[in-house]
Every structure is written in C-alpha cells, then in structure tokens.
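Residue numbers start at 1 and run along the sequence shown. Remember, it's a predicted structure, so these values are computed and weren't measured experimentally.
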Amino acid sequence: MRYKYDYSEAPAAALFAVVAAVLIIFDIFYAATLNHYIVFILGIILSGMVLNRIYEKNVMKNMKIDIINDEVRHYKGESGVVKIRIAQSGIMPVLGAEMTITAGNDIKFTKDQALKIRQQTETKAVFTVLPKKETVIEVPYTAARRGVSYIVESRIKIPRIFGFGHMDLKQVGPAKHEIMIYPDKFAVHNEPIKFKIAQGLFKNNESLYNDPLLTLGNREYMDMDSFRDINWKQSAKTGSLQSKIYEKTTYTEWLILVNLRSESVFAPPKNIETIFEKLSFLTGEIAKEDITYSLIANMKTFDEGSYFRIDELNGIKSYRPVLEALAKIKTVTFTIAFERFLNHVRLYEKVPSHIIFTGETDALIDRELAYFLHRGITVYQLNENGLERYGKKAAAAKAVTL
C-alpha cells in the first residue's frame, strides 16, 4: 500500500513562527533587547519545528505498509481478520498513530463506524512502531454478503513527536488484495437436504446419445424428428420422408444457465441471492459426483460481446472456481433477456445432456426451452421451490428440494 503526505501546518506552529519572525525583525532592525528566557523559549520552539521536518521526512522514507493476507475466501456469515503489517526501517519511532480503514460493505468490520448512506464499512486502529521494528494490525470483520470487497481507502494520523499536531497520510491507488465472499451453501434452507442423483434421472454413464458425425442408415420419419435429420436424397428415392440413423455415443455433461434479469427488465430477481446459495450447494454436490458441467449467465462482458461464463468443470478441485465465479457475478449490470440468451445457447453452445436454468419462465422462455426438450435434453428448473424437472407435471418428476 502506498501513501502520500498531505502536509498541513498546525495553527499553533504557524502562530509561533509568526511571533518568532516579528521578534527577530525587531531585534535586528530596531535593536530591541529580548529577554533571555524569551530567546530560550523561541529557540526550543524553532528547534522542535526543524526536528519535526526531519522526523516527517524520515518517517515517510522508511515506513512500509502492506496487507499480509492479500487473498481471503469466506462463506457468507463467517468471520475473518485483515492483517496489515507496518514496518519502520528508520531511526524515528511512530508512536500512537491512528489508521482509518474503509472497505466495501460486502464485509462489516467488528467496530464499524461508517455512515449507513456510504455503502461502506469503516473502522479505526491505533498502533505504535519502534525504530527498526514492525507491527501487525489485526482488523476483525464478518462476511456480510456475497461479493468481492476491497480496502478502498485508508488514512493514517501520526503524531509529531516534537509537538504541533500530527502528520496526515492518505492512501494512493488501490490496495493489492481482495476479500471474496462465497454464497452460503450451508444456508438454513439447504441444511436438512441430502442431494441424490438418481440413476437415469440425473446421471447415467450408460446413456446413449446420437453422434451426428456417424450415420449408420435410414428409417421412416417420425413427428419427433428434427428436419435437419431428414435424408433428402433417400426420401426422394423412396417417395417418403426418411430420417438418418446415427451412431450412439456415451456422453453426460451439464450446462447451468443463470438468469440475472427479472420481469422489471434490468432489475435482478428478488430472490437472486437465495438462488446463488442454492447454486453453491448444488454445484458442490455435482462436483462430488465428477460430473462435467459449465456455467453461463446472461450478463454481457466486454470480451467481444460474450457472456459471463466458466467452462467444463469437473471434480472437487473445480468447486473453488465456481464459488469465485458466483461471488464475482454482479446482479445490477447489463443483462440480456433470458429468451434471447437461450436462443444464443441453442445456436452457438455445445449441446449438453442436461440443462439447469434458474428463475421463473414465461411464454417466450418456454418456447425456447421447448427446443431443448425436443432435442432430447433433460431440463431442470432451479427456483425457490428447489430443483424440479422442467416439462413434467407429475409429482414424481421432482428431483430434489434445496
């Protein structure tokens, strides 16, 4: 962390400087005889002011401040500590200094002193550093909400050891650290739940899917077949529509689609944080089952117009990247209507075996989802009711309640 000295002269020091200058002028130009005690006091005061200049220069040159735990990860509700190391390699001590620390309100300092309207959390800590020594300030906090928090501002007041007020140091540039808050996968609504993957319902390693690159033959066309599967040459020969028969392949991959837009156009759904908590729990269970999956949200990024995404995760080691992705997703941002997003997925994304989407549906969204069902893709809906099989009205289709 870098600081600059915001210099300001103490009023008392400025007053003494003016008085001393006036007395010296009278002594030189008007041959005024000053009392020895006054001369002695003026000498002490002027010496203190000179020594303060030397002290200020030495402190600024030799004091180094940095954050020890620069990358911290928590679930919402957990407690943590920001550790700030302050080292003084010079010969001047720092006595009774006060540091004011301001961070984003994704965390809340234990001794929070911030104004509510500032959307920040703020606290103060007092420290002392002797010459050639270092000290560590520990600032406790609680992870208050999903997101990424930083120290956005810090200020230090260092008393001038020779009197006349204090030095003001202000942070320059951002602090190189982050406190990432994951959604709480252990939220109350998830605690009593045991996630189960039913054979043939969620994951089936024996499942067979069509490989369009390997054609075995033809058969009579059926209403459920796609027009792209029609063999037009064979149909012309036989006089009836013929569909291609493809080689079967074993393939299981999930695609999670996160809807960040509500009916209020750009506003996020009211229950979006609950959805994130359910996703945190769900992806943790998926990771345990070694299922390969990807996650895409309908949030536009600045990378050539693409969407926020994280691809082809598998296994327990993949769980941390997902939690980090969920923590970084901003709910108030530029999003695309979910039906348009589904259309993009249909046209440009690799076809998965299973799709999980979040939020509620309407007629336009249902129309897009019907395409995936027609392709034989298993679709699930994640909302406040939990995870349900989409497109099935039977109660037995409900997979798990989160």
Side-chain angles (χ1 to χ4, degrees), residues 189 193 195-212 221-230 243 246 248-263 269 271-272 274-276 278-279 281-283 285-286 289 291-298 307 309 335-402:
H189 51 264
I193 302 306
F195 183 86
K196 295 181 180 179
I197 297 180
Q199 187 76 5
L201 183 60
F202 275 97
K203 177 186 177 184
N204 187 347
N205 290 329
E206 303 298 324
S207 295
L208 297 178
Y209 298 87
N210 292 331
D211 187 341
Y221 174 79
M222 294 187 293
D223 291 339
M224 67 181 64
D225 294 338
S226 173
F227 278 110
R228 72 181 63 187
D229 295 333
I230 296 177
S243 295
Y246 298 108
K248 300 294 183 179
T249 181
T250 301
Y251 172 76
T252 302
E253 182 171 335
W254 292 16
L255 178 61
I256 300 174
L257 305 176
V258 183
N259 185 7
L260 299 176
R261 182 185 285 199
S262 67
E263 295 178 355
N271 65 340
I272 189 63
T274 301
I275 293 297
F276 280 128
K278 291 179 181 292
L279 279 175
F281 174 77
L282 179 63
T283 52
E285 299 303 317
I286 293 174
E289 296 294 328
I291 297 173
T292 300
Y293 66 101
S294 301
L295 183 146
I296 314 176
N298 59 334
Y307 295 93
R309 64 188 301 144
T335 58
I336 296 298
F338 198 58
E339 63 271 13
R340 289 179 54 194
F341 174 65
L342 289 174
N343 182 264
H344 167 86
V345 172
R346 175 168 65 88
L347 294 175
Y348 300 107
E349 298 296 333
K350 184 170 64 174
V351 179
S353 60
H354 297 69
I355 286 178
I356 298 175
F357 72 93
T358 70
E360 303 302 326
T361 65
D362 55 25
L364 295 176
I365 294 175
D366 287 332
R367 185 180 65 184
E368 293 296 331
L369 290 172
Y371 169 83
F372 298 108
L373 294 174
H374 184 72
R375 291 289 303 272
I377 298 171
T378 305
V379 181
Y380 293 93
Q381 181 178 12
L382 180 64
N383 54 24
E384 286 189 341
N385 298 323
L387 190 66
E388 298 178 321
R389 181 78 174 269
Y390 175 79
K392 300 288 185 180
K393 296 182 179 180
K398 188 175 294 186
V400 63
T401 302
L402 299 180

* Asked: Could you walk me through whether Asn298 and Arg261 pass the side chain to side chain contact (heavy atoms under 4.5 Å, CB included) check?
  -> CA-CA 8 Å; Asn298 59 334; Arg261 182 185 285 199; 4.1 Å; yes
* Asked: Taking the side chain from Thr358 and the backbone from Asn259, do they hold a donor-acceptor pair closer than 3.5 Å?
  ->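 Checking the backbone N and O of Asn259 against the side chain of Thr358, a donor-acceptor pair under 3.5 Å is found.
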* Any chance you could lay out the side chain to side chain contact (heavy atoms under 4.5 Å, CB included) test for Ile230 and Tyr221, step after step, and finish with the verdict? => CA-CA 7 Å; Ile230 296 177; Tyr221 174 79; 3.9 Å; yes
* Set of side chain to side chain contact (heavy atoms under 4.5 Å, CB included) partners for Arg375, sequence neighbours left out ->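 Here the qualifying residues are Arg228, Val351, Tyr371, Ile377.
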* To do: Could you tell me which residues satisfy side chain to side chain contact (heavy atoms under 4.5 Å, CB included) with Thr361, sequence neighbours excluded, listed by chain and number?
  =>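 Thr361 satisfies side chain to side chain contact (heavy atoms under 4.5 Å, CB included) with Phe357, Ile365, Asp366, Leu369, Gln381, Tyr390 once adjacent residues are dropped.
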* **Rounded distance (nearest 0.5 Å) linking atom OG of Ser262 with atom CG of Asn271** =>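 The OG atom of Ser262 sits 9.5 Å away from the CG atom of Asn271.
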* To do: To the nearest 0.5 Å, tell me how far Leu295 CG sits from Ile286 CD1.
  =>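 With rounding to 0.5 Å, CG (Leu295) is 9.5 Å from CD1 (Ile286).
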Side chains of [X] and [Y] in contact at under 4.5 Å (non-hydrogen atoms):
X      : Y      : result
Val258 : Ile296 : no
Leu255 : Ile356 : no
Tyr293 : Ile256 : yes

So which atom in [X] and which in [Y] form the shortest heavy-atom distance, rounded to 0.1 Å?
X      : Y      : value
Leu260 : Ala297 : CD1-CB, 4.1 Å
Asn383 : Ile275 : CA-CD1, 3.7 Å
Leu342 : Leu257 : CD2-CD1, 3.5 Å
Leu282 : Leu387 : CD1-CD2, 4.1 Å

* If you count the non-hydrogen atoms of other residues, nucleotides and ligands that lie under 6.0 Å from CZ in Arg367, is the total more than 12? ->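 No, because the 6.0 Å sphere around CZ of Arg367 holds 12 heavy atoms or fewer from other groups.
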* To do: Using the test salt bridge (charged side-chain N to carboxylate O under 4.0 Å, His left out), find all partners of Glu339 that sit at least two apart in sequence or belong to another chain.
  =>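 In terms of salt bridge (charged side-chain N to carboxylate O under 4.0 Å, His left out), with neighbours along the sequence ignored, Glu339 is linked to no residue.
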* Test salt bridge (charged side-chain N to carboxylate O under 4.0 Å, His left out) applied to Arg309 - qualifying residues, sequence neighbours left out ->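 Salt bridge (charged side-chain N to carboxylate O under 4.0 Å, His left out) list for Arg309, sorted by chain: Asp311, Glu349.
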* To do: Kindly determine whether Lys350 and Glu253 satisfy salt bridge (Lys or Arg N to Asp or Glu O under 4.0 Å), including the steps that lead there.
  => CA-CA 10 Å; Lys350 184 170 64 174; Glu253 182 171 335; 3.5 Å; yes
* Give the C-alpha distance, both sets of side-chain angles, the deciding distance and a yes or no for side chain to side chain contact (heavy atoms under 4.5 Å, CB included) between Tyr380 and Leu382. => CA-CA 7 Å; Tyr380 293 93; Leu382 180 64; over 6 Å; no
* With Phe341, which residues qualify under ring pair (Phe, Tyr, Trp, His ring centres under 6.0 Å), at least two apart? ->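 For Phe341 the ring pair (Phe, Tyr, Trp, His ring centres under 6.0 Å) partners, ignoring immediate neighbours, are Tyr307, Phe338.
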